[in-house]
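Chain naming here is simple, since letters A, B, ... match the order of the sequence lines and numbering starts at 1 in each.
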Number of protein chains: 2
Amino acid sequence: MNLESSPLITALQASGHRITRQRRVVLEVLEESREHLDAESLYWKARQRAPRISLATVYRTVAVLKQMGLIAEYSLGEEHGHFEAVPETPHYHFTCLGCGRVVEFDAPQVDRAVQELAERENLEIRAVQFSLTGYCARCRAGGPDGR
Amino acid sequence: MNLESSPLITALQASGHRITRQRRVVLEVLEESREHLDAESLYWKARQRAPRISLATVYRTVAVLKQMGLIAEYSLGEEHGHFEAVPETPHYHFTCLGCGRVVEFDAPQVDRAVQELAERENLEIRAVQFSLTGYCARCRAGGPDGR
DNA sequence: TTACCTGCAAAGGGTTTGCACTTTG
DNA sequence: CAAAGTGCAAACCCTTTGCAGGTAA
C-alpha cells in the first residue's frame, strides 16, 4: 500500500478519520486535478484506481473534506456542485454562458475586502464563494456557438 | 383587478409576457419581501393571495424573471436556491453556520474589482455571486447554539 | 380566438441514507 | 474486536415537464 502522504491525507488522518483505499484515491484525484470536478467525474476518475468505489462513498468523502475545510464546493454557473482542493492563494471563477468555459482568476481586492469585513464584524470566515457568469470575449463577438 | 404597476410588472409586460394573476402575485411578494425567499416560501406567501397557484408556476415565474435579470438567485450557505429582487446597488450575503442568520452587506471594492476584470478581459458579466459563510461574532463567542 | 399560461401529477437528476458486510486501527 | 467505512439500492428533495384545461390580449 502506498506510503507517501499528501497534505490532505495527513490532515484527514490527524483529525481521527480512518484512511481507507477509497478515501486515499478520492484525495489523490482531487489533489492531482487542476480542474473543478463534480461528484460524477470524481467518481469515474476514482474508479480507475479503485474499481469498486461507489458514488455514495465519493459523496461521503467530499462531505468530510468539506466539513474540514480541505476542499471547497462551488456552484459554477447554474449547475450542480463542483469540488476543488482548497488552494494556497484563493482564486475565483468565471463561467461563460456561451461556451461553458470556466476561467480561474485571482482578485486581491476581493481577498482584502473579505479580510476587512471579517475583522470589522468579527466574523470567522469559513468559505468565500465568488463566481461570475456572463459571456467571454469570444462568445460576445458571436463566437463558437454563435450565441 | 389591481391597476397599480410595480417596476417588475411593468418590465415583464414590456417584454411581451402576459400579466396573469399568478405572476402578479409572485412579483408582489418578491417586491414586498426584504428577505431571500426560496421557491417554497414564495409559494406559501403567494398562496395567501392566489390560493390555487402551484409550485410549478412559481418556478416558471422565477425562471422568466431570472432570465430577464429582474431577480437574482443565490445559493446561500449550502442550501437550495433563494431568490431576491435585483437591488439598485448590488449587495452580498454572509450566512452564519451557527445560527443560520443571513446578513447583507455591500462591498464597493468587489464591485470595482468586477468592473475592472470585465473591462480588462472584455467580458459581459451577467451575474455576480459573492457569498461568505462562517460564524458570526455571537456564535464565535459560544452564542445561541453553543456551536 | 388563439397563443400563452396554469394546475396537476409524474418524471428527472443530483445527493443522501438504511442496512448488511468489510475493513481499519 | 469494536467502531468506522463501504456498496448497493432505495429514498429524498428540489426542480422540471407533459398534458389537458384556462385565460389574457
Residues in side chain to side chain contact (heavy atoms under 4.5 Å, CB included) contact with [X], at least two apart in sequence or another chain:
X        : value
A/Arg101 : A/Cys99, A/Val103, A/Cys136, A/Arg138
B/Thr57  : B/Gln22, B/Ile53, B/Ser54, B/Arg60, B/Thr61
A/Glu121 : A/Leu117, A/Leu123
A/Glu32  : A/Glu28, A/Arg49

ring-ring contact (aromatic ring centres under 6.0 Å, His included) involving [X] - partner list, sequence neighbours excluded:
X        : result
A/Tyr59  : none
B/Phe130 : A/Phe130, B/Tyr92
B/Tyr74  : B/His93
B/His17  : none

Length of the line joining [X]:[atom1] and [N]:[atom2], which is rounded to integer Å:
X       : N      : atom1 : atom2 : result
A/His82 : C/dG14 : NE2   : P     : 11 Å
B/His17 : C/dA3  : NE2   : P     : 17 Å
A/His80 : D/dC12 : NE2   : C1'   : 18 Å
A/Tyr43 : C/dT15 : OH    : C1'   : 14 Å
A/Glu73 : C/dG14 : CD    : C1'   : 11 Å
B/Arg23 : D/dT23 : CZ    : C1'   : 12 Å
A/Ile19 : C/dT23 : CD1   : C1'   : 13 Å
B/Arg21 : C/dG7  : CZ    : P     : 11 Å

5' precedence on DNA chain D between B/Ala39 and B/Gln13 (nearest-nucleotide basis):
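Nearer the 5' end of the strand: B/Ala39.
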Listed in order of residue number, which residues of residues 44-54 of chain B have a non-hydrogen atom at under 4.0 Å from DNA chain D?
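Residues of residues 44-54 of chain B that come under 4.0 Å of DNA chain D do not exist, since none gets that close.
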Which atom pairs link the protein and nucleotides 16-21 of chain C when you take only N or O atoms and keep those under 3.5 Å?
none

Tell me if a side-chain donor or acceptor on B/Glu31 pairs with a main-chain N or O of B/Leu8 at a distance below 3.5 Å.
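Yes, because the side chain of B/Glu31 sits within donor-acceptor range (under 3.5 Å) of the backbone of B/Leu8.
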By side-chain hydrogen bond (donor to acceptor under 3.5 Å, both in side chains) - contacts of B/Asp106 (at least two apart)
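B/Asp106 satisfies side-chain hydrogen bond (donor to acceptor under 3.5 Å, both in side chains) with no other residue.
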With a cut-off of less than 4.0 Å, is there a side-chain N or O of A/Gln22 near OP1 or OP2 of D/dG7?
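The answer is yes; a side-chain N or O of A/Gln22 sits under 4.0 Å from OP1 or OP2.
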Can a side chain N or O of B/Thr20 be found less than 4.0 Å away from OP1 or OP2 on C/dT6?
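Affirmative; the distance criterion is met.
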Just how large is the angle between the end axes of the helix from C/dT1-D/dA25 to C/dG25-D/dC1, five pairs per end, to 10 degrees?
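The end axes of the helix from C/dT1-D/dA25 to C/dG25-D/dC1 are about 40° apart, to the nearest 10°.
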B/Leu12 and B/Met68: CA distance, side-chain angles, deciding distance, side-chain contact (heavy atoms from CB on, under 4.5 Å) verdict:
CA-CA 8 Å; B/Leu12 237 203; B/Met68 296 184 58; 3.7 Å; yes
